[in-house]
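Okay, structure first, notes after.
Read the numbers this way: they start at 1 and go in the same order the structure lists the ligands and their atoms. No hydrogens, no waters, no symmetry mates; every other heavy atom, side chains included, goes into these values.
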Amino acid sequence: MEPATAVATSVAAQTPRRISILGATGSIGCSTLDLIGRDPQRYDVVALTALNNADQLARQAIEHDADLAVLGDPDGYQDLKAALSGTNVEAAAGPDALVEAAERPADWTMAAIMGCAGLRPTLKAVEQGRCLALANKECLVSAGDLFMKAVSRSGTQLLPVDSEHSAAFQAIDPGISDTIEKISLTASGGPFRTWTHEQMKTATPQDALKHPTWSMGKKLTIDSATLMNKGLELIEAFHLFPVEAGQLDVVIHPQSIVHCLVEYADGSVLAQMSSPDMRTPIAYSLAWPERMWAPTERLDLAKIGSLEFESPDKERFPALSLTQDAMQADNGTTTVLNAANEIAVEAFLEGKIGFPAITALVMDTIDAAMRDGISKPDTLDDVFLLDEVSRGLAQSLLSDKS
Ligand code: NDP
């Protein structure tokens with residue numbers, strides 16, 4: 001039950017914190033607004049963005065009294081303007097407007113745009129040098145080194161939102177990070193954890209969208225079914241935490257209660273647990289370095305009884321080895337992998353390819369890119385170019401398959 005004051009700890013009444021949410025209409029964006037809306041006097045909503053969902057964005061902007069609402073798709077501008085007429089919310093649309101939204105001074109920005117499309121606006125938010133709650137893992141997969149350099153240049157406080165990375169962030173004491181031996185990210189195993197390879201050949205988008213524990217956007221739910229998501233998370237962890245690629249691994253944990261395990265040199269393993277609800281890691285990033293109340297189901301371990309763990313099956317889920325190889329290669333392959341995966345997931349959701357073809361298309365695109373010759377991107381323009389070229393390669397391989 002919600003305590004009399006929504007904030008259980010000592011988050012004292014202060015000037016409202018200026019908050020922006022990039023990707024406000026998505027799963028993470030809505031969960032963030034759910035938390036903010038429970039204690040509105042503590043927050044001053046600056047900018048909310050979406051791609052083309054004008055109605056929902058306008059509703060959110062009005063409800064949370066935002067200064068600015070922005071659509072990434074310029075064609076949605078008239079709809080957004082009409083939905084906001086008679087209010088004080090400013091409307092804008094287009095890729096440049098997204099970047100301008102991210103530049104508006106905010107104390108805390110949630111980066112929750114889906115995909116590599118989030119990179120440019122998220123980097124603009126980083127340049128502000130304040131707090132960035134990072135849900136968009138693609139920033140780190142596509143441009144990890146450059147992104148982390150921008151973070152350190154600006155002095156931004158990066159707060160990981162992915163549940164596993166939030167868990168690791170909570171379990172790692174930066175003062176003794178050289179004593180970490182291993183970080184294990186947990187994975188639910190997705191809807192096909194117990195399916196055979198033959199069964200997976202017949203999997204439909206509806207089957208793949210039935211995630212057993214988490215409620216997420218469609219792209220991420222499909223990534224969880226292929227285990228590509230866990231691979232992307234390994235790359236994310238590699239950039240976020242002071243460990244080598246070989247110190248990161250994955251353990252399947254179907255209940256999604258333990259989110260990450262950090263093992264230290266003395267054999268101690270620190271883990272973080274919570275019920276599978278993204279409002280817990282979002283609340284952690286929102287209140288950091290304090291804690292706030294979150295409306296999530298409390299864990300009853302006696303009722304749960306037992307927690308299960310198993311090794312991932314890398315043969316049935318080749319995306320895991322693929323991402324690990326790409327991470328080790330450190331030559332731009334992760335940028336190609338992310339771009340190809342975005343194309344492949346979209347093609348699967350549109351019924352153009354079968355489930356196993358998602359990872360196969362990513363592999364083929366990486367092979368084709370290697371044959372053409374790729375090198376590690378040195379600048380952001382290099383990243384955007386490699387992303388674009390890789391999408392083109394994936395699309396042409398997709399047409400060949402079709
Ligand atoms: P959703 O698909 O639910 O939402 C994506 C959001 O981004 C929407 O607001 C969407 O707008 C907007 N968007 C999509 N494409 C673009 C674009 N090209 N330009 C501008 N805005 C765009 O995604 P999730 O909330 O599930 O995930 C968001 C990010 O958070 C991803 O990077 C994901 O990996 C990460 N994440 C998500 C978790 C989850 O539980 N959902 C957990 C951990 C990480 P519109 O509604 O108009 O399409």
In chain order, what residues pass the side-chain hydrogen bond (donor to acceptor under 3.5 Å, both in side chains) check against Glu263, with sequence neighbours excluded?
none
For His259 and Trp214, take the angle between the two ring planes, folded into 0 to 90°, and tell me which bin it lands in: parallel under 30, tilted 30 to 60, perpendicular over 60.
tilted
[X] atom [atom1], over 12 foreign heavy atoms within 6.0 Å:
X      : atom1 : result
Lys218 : NZ    : no
Gln328 : CD    : yes
Asp300 : CG    : yes

Tell me the residues surrounding ligand 1, counting only those with a heavy atom closer than 4.0 angstrom, sorted by chain and number.
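Around ligand 1, where the cutoff is 4.0 Å for heavy atoms, the contacting residues are Gly23, Ala24, Thr25, Gly26, Ser27, Ile28, Ala50, Leu51, Asn52, Asn53, Leu98, Ala112, Ile113, Met114, Ala117, Ala135, Asn136, Lys137, Glu138, Asp162, Met216, Gly217, Leu220, Met278.
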Going by the side-chain hydrogen bond (donor to acceptor under 3.5 Å, both in side chains) test, name the single residue among Asp382, Thr334, Asn331, Asp145 that passes it with Lys376.
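Answer to the side-chain hydrogen bond (donor to acceptor under 3.5 Å, both in side chains) test with Lys376 among Asp382, Thr334, Asn331, Asp145: Asp145.
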